[in-house]
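Below is one structure, written out as structure tokens; comments come after it.
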Amino acid sequence: MNTAGVRAVARVRACPDGRGGTCLPVLESDGPLALRRTRGRGTEAQVLLVGAMSGPLGGDRLAVRADVRPGARLRVGSAAATLALPGQQAGEARYDVRLTVADGGELHWLPEQLVSVRGSELLVTTRADLDRGARLVLREEQVLGRAGEEPGRLTSRLTVRIAGRTVLDQQLACGPGAPGGWDGPAVLGGLRAVGQLVVVRPGFEDKPVTARALGEGAAVLPLPGPAALVTAVAPDALRLRRLLDGASALFGPASD
Amino acid sequence: MSRAALLVLADGRFPAGGHAHSGGAEAAVGAGRVTGAASLEDFCRGRLHTTGLVAAAVAAAAALGVDPVELDAAADARTPSPALRTAARKLGRQLLRAARVAWPSGELDALAGTFPKGAHQPVVLGVTALAAGLGPADAAYCAAYESVSGPASATVRLLGLDPFDATGVLARLAPEVDEVVTRAVGTAREAVGAGVDALPAASAPLLEVFAQAHAGWAVRLFAT
Amino acid sequence: MHLDPSPSHGGPAAVSADVRRPDGGRRALRIGLGGPVGSGKTATVAALCRALRDEVSLAVVTNDIYTREDAEFLLREAVLPPERITAVETGACPHTAIRDDISANLEAVEDLEDEAGPLDLILVESGGDNLTATFSRGLVDAQIFVIDVAGGDDIPRKGGPGVTTADLLVVNKTDLAPYVGSDLARMAADARAQRARLPVVFQSLRGEDGARDVADWVRERLAAWVA
């Protein structure tokens, strides 16, 4: 038995290909994390993260790095939801996502949901470091348990920096053993799906997004920088996705 | 270190504007999520371990001398709702006004000079604790306790909740306030060397979502 | 004329009701208007704005109880440009915001001076409250308490801090007296008894220039303030 758990780092780097498109000089799969290039739209390269759905298991240390260079456009999705599962050995699993986007680069980071399965323990950290002039659309969705199931222990931290300034730093801890009140009326209130959509556009500097509530489950929140957060909570993954998709449409086409 | 100074600073009647805020309780009551003492307790517990922890850690770090400008930016990043950022700065400004009369000090004057329209309230709280001869744990206690006492007293007005029951909620949460303060001071000490990223970033999605909805209510008793 | 005595506390300047602004200039005279719900505070403020706006630079702070209605009424009536009207939220406790914890109101008056100034006069209107609600001397330099004849002609007799200590007592809606059976003479006698030599004005805002007496009183205060 592998008592240390799996250690894997998958990497992708996007650069302009010199013909108006985007090439991927680095596309490295590792262990359970496989990256596949798929047909992209227009000038962007598209990558699918596959195989991550069986993990992470307890004890695993998984990481994904995406680096978008000036002028490149990259879209990353995943083939299916990621399940956090209890491992053979005790101890939490870790899943680290590190995203960097240079001035004039654009990254769409749109993985499928992360499902916290009963008995699992996972710490997810997502950190996006953007240069001034970079663009980002990042969606994260956490689902607490499969249908009707108690969730595992999930801690998720999301940090976004623009030109060295942290504009968003948020951690959500839920499931058995999380600090009290996580399922109460201030935090999740019995809802089982929670998500964030971060949009960074240089144009927001001059024309900031307007704050607004979207019903009782979501809000559009301009951050202290050229960025906005949509935070949403819903009874299940499907309704959460609808809320985030609806909010996403409010930002309109990226013309700046 | 004066224990009585802590009582002055933590007094619910300290004139720093807190009475006009419900800490999200008004929105939660409006949505039917807080209906009595039991759900108030759940609400307060969740707030304590999320925004209460963050506020306590920021206050403790300020009392330890961490740069207020960096702390204010860290508080901004941990407060995605613009309605809550605005409220936190307003409350910080109001606290600073009261604190400068109560405990005149160069640090408070300097803070007022740097932030004429107010710094996040926990930042001011930490510097005020210093000026009052208090320490980081005292500052954290004020912030952590305030994170639950505000919603509790507001709910008495909003629901006609029995005030004894509301006070009972606060008494039952006291051991958890102690825990939060211990964690907050620990991370604040880390932040002295490692920078403000070491501070906790615990968030409460429903508080954020409801804060924005509440800001748009035409008729409400509380500012937040 | 009695004003807040010169600041005697040892604290820093310009944190409370000091008469100087941080830049050394004289701050605006602040007059509070308090009184029970529906007695005509907002209507009096509106009438004062119309009477005085061509003579002095003025602004208004409203303290609504649970809405922004008073501020919005003044905006709708266009008695002043919008940047000269600010609403303070009071957390269901209007008397707290004008007496026990005046921090939000002080911020509002200072912001008005910074952003719409220089100002000669700021009217601070309290949310409707009870007969005990008075303004802190840390917030206003003088206060007007507004009651009306329809609220019962025994209010002056009952007294209370608002009726007995306000710098000016206004008995409003005198035109309604015959309809509600209020005895104006009795109200006047009771008010005199309660207030020693402090002034009382009976007014109806239905007529032309209905706030004339109150406006004259404010002018006197202003003259003393800048003297």
Side-chain angles (χ1 to χ4, degrees), chain A residues 125 127 142 155-162 164-174 178-191 193-196 198 208-225 227-234 240 243 247, chain B residues 23-25 27-35 38-54 70 73-85 147 151 173 176 179-180 183 196-197 199-216:
Chain A
T125 55
R127 209 173 102 180
Q142 296 91 28
T155 306
S156 168
R157 188 159 182 169
L158 171 62
T159 311
V160 179
R161 282 191 182 79
I162 301 174
R165 179 188 182 189
T166 306
V167 299
L168 177 67
D169 195 348
Q170 280 204 294
Q171 178 172 293
L172 181 67
C174 45
W182 66 269
D183 206 18
V187 188
L188 291 179
L191 298 166
V194 54
Q196 301 83 33
V198 178
V209 171
T210 306
R212 58 184 289 191
L214 305 171
E216 294 218 318
V220 180
L221 308 169
L223 298 173
L229 170 74
V230 179
T231 191
V233 280
L240 176 68
L243 277 174
Chain B
V29 165
R33 291 186 177 277
V34 169
T35 55
S39 45
L40 172 65
E41 185 168 337
D42 277 353
F43 178 90
C44 288
R45 181 172 285 116
R47 192 163 193 264
L48 171 65
H49 289 287
T50 54
T51 57
L53 171 67
V54 172
E70 281 188 36
D76 251 0
R78 287 159 176 76
T79 316
S81 159
L84 296 183
R85 287 198 297 272
S147 77
L173 288 170
E176 288 179 64
E179 285 168 31
V180 162
R183 275 187 71 193
V196 296
D197 286 350
L199 296 171
S203 66
L206 281 175
L207 285 181
E208 286 156 23
V209 168
F210 280 122
Q212 221 49 52
H214 183 261

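Within every chain, numbering begins at 1; the chains are lettered A, B, ... in the order of the sequence lines, protein sequences first and strands thereafter.
Taking chain A as the reference chain and counting heavy-atom pairs below 4.5 Å, the highest number among B:Ala204, B:Ala213, B:Ala28, B:Pro205 is found for B:Pro205. Interface summary for chain B: among A:Leu172, A:Asp183, A:Val194, the most heavy-atom pairs under 4.5 angstrom belong to A:Leu172. Chosen from A:Gly225, A:Ala213, A:Pro185, the residue pairing most often with chain B at heavy-atom distances under 4.5 Å is A:Pro185. The most heavy-atom pairs under 4.5 Å with chain A, out of B:Arg47, B:Arg45, B:Glu179, come from B:Arg45. If you tally non-hydrogen atom pairs under 4.5 Å between each of B:Leu199, B:Leu48, B:Val34, B:Asp42 and chain A, the highest count goes to B:Asp42. For the set A:Ala186, A:Gly181, A:Ala219, the entry with the most heavy-atom pairs within less than 4.5 Å of chain B is A:Ala186. Residue with the most contacts toward chain B among A:Val233, A:Leu158, A:Leu214, A:Leu223: A:Leu223 (heavy-atom pairs, distance under 4.5 Å). Across B:Arg78, B:Arg183, B:His214, the residue that shares the most heavy-atom pairs under 4.5 angstrom with chain A is B:Arg78. Your options are A:Gln196, A:Glu216, A:Gln171, and the one with the most heavy-atom pairs under 4.5 Å with chain B is A:Gln171. Your options are A:Gly217, A:Gly215, A:Ala228, A:Ala173, and the one with the most heavy-atom pairs under 4.5 Å with chain B is A:Gly217.
The two residues B:Gln212 and A:Val220 have their closest heavy-atom pair at CG-O, 4.4 Å. Minimum heavy-atom separation, A:Pro222 to B:Pro82: CD-CG, 3.6 Å. In plain terms, the two heavy atoms of A:Gln170 and B:Ser203 that are nearest each other are NE2-CB, 3.2 Å. The nearest pair of heavy atoms linking B:His49 to A:Gly180 is CD2-O, 3.3 Å. Shortest non-hydrogen contact noted between A:Gly189 and B:Arg33 is O-NH1, 3.3 Å.
Taking a cutoff of 4.0 Å between a charged side-chain nitrogen and a carboxylate oxygen, A:Arg161 and B:Asp197 qualify as a salt bridge.
The contact between B:Phe43 and chain A is made by backbone and side chain atoms together, counting heavy-atom distances below 4.5 Å. Contact annotation for A:Val167: only backbone heavy atoms (N, CA, C, O) come within less than 4.5 Å of a heavy atom of chain B. When heavy atoms are compared at a cutoff of 4.5 Å, A:Leu229 approaches chain B solely by way of its side chain, counted from C-beta outward. Looking at A:Ala218, the atoms closer than 4.5 Å to chain B (heavy atoms on both sides) all sit in the backbone: N, CA, C or O. B:Ser81 touches chain A through backbone and side chain together, each having a heavy atom under 4.5 Å away.
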* Verdict with reasoning, A:Arg165 to B:Asp76, per salt bridge (Lys or Arg N to Asp or Glu O under 4.0 Å) -> CA-CA 11 Å; A:Arg165 179 188 182 189; B:Asp76 251 0; 3.7 Å; yes
* **Chi angles and distances behind the side-chain contact (heavy atoms from CB on, under 4.5 Å) call for B:Leu206, A:Leu191** => CA-CA 10 Å; B:Leu206 281 175; A:Leu191 298 166; 4.3 Å; yes
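Each of A:Val198, A:Asp169, A:Leu221 was compared with B:Pro80 under the side chain to side chain contact (heavy atoms under 4.5 Å, CB included) criterion, and only A:Leu221 meets it.
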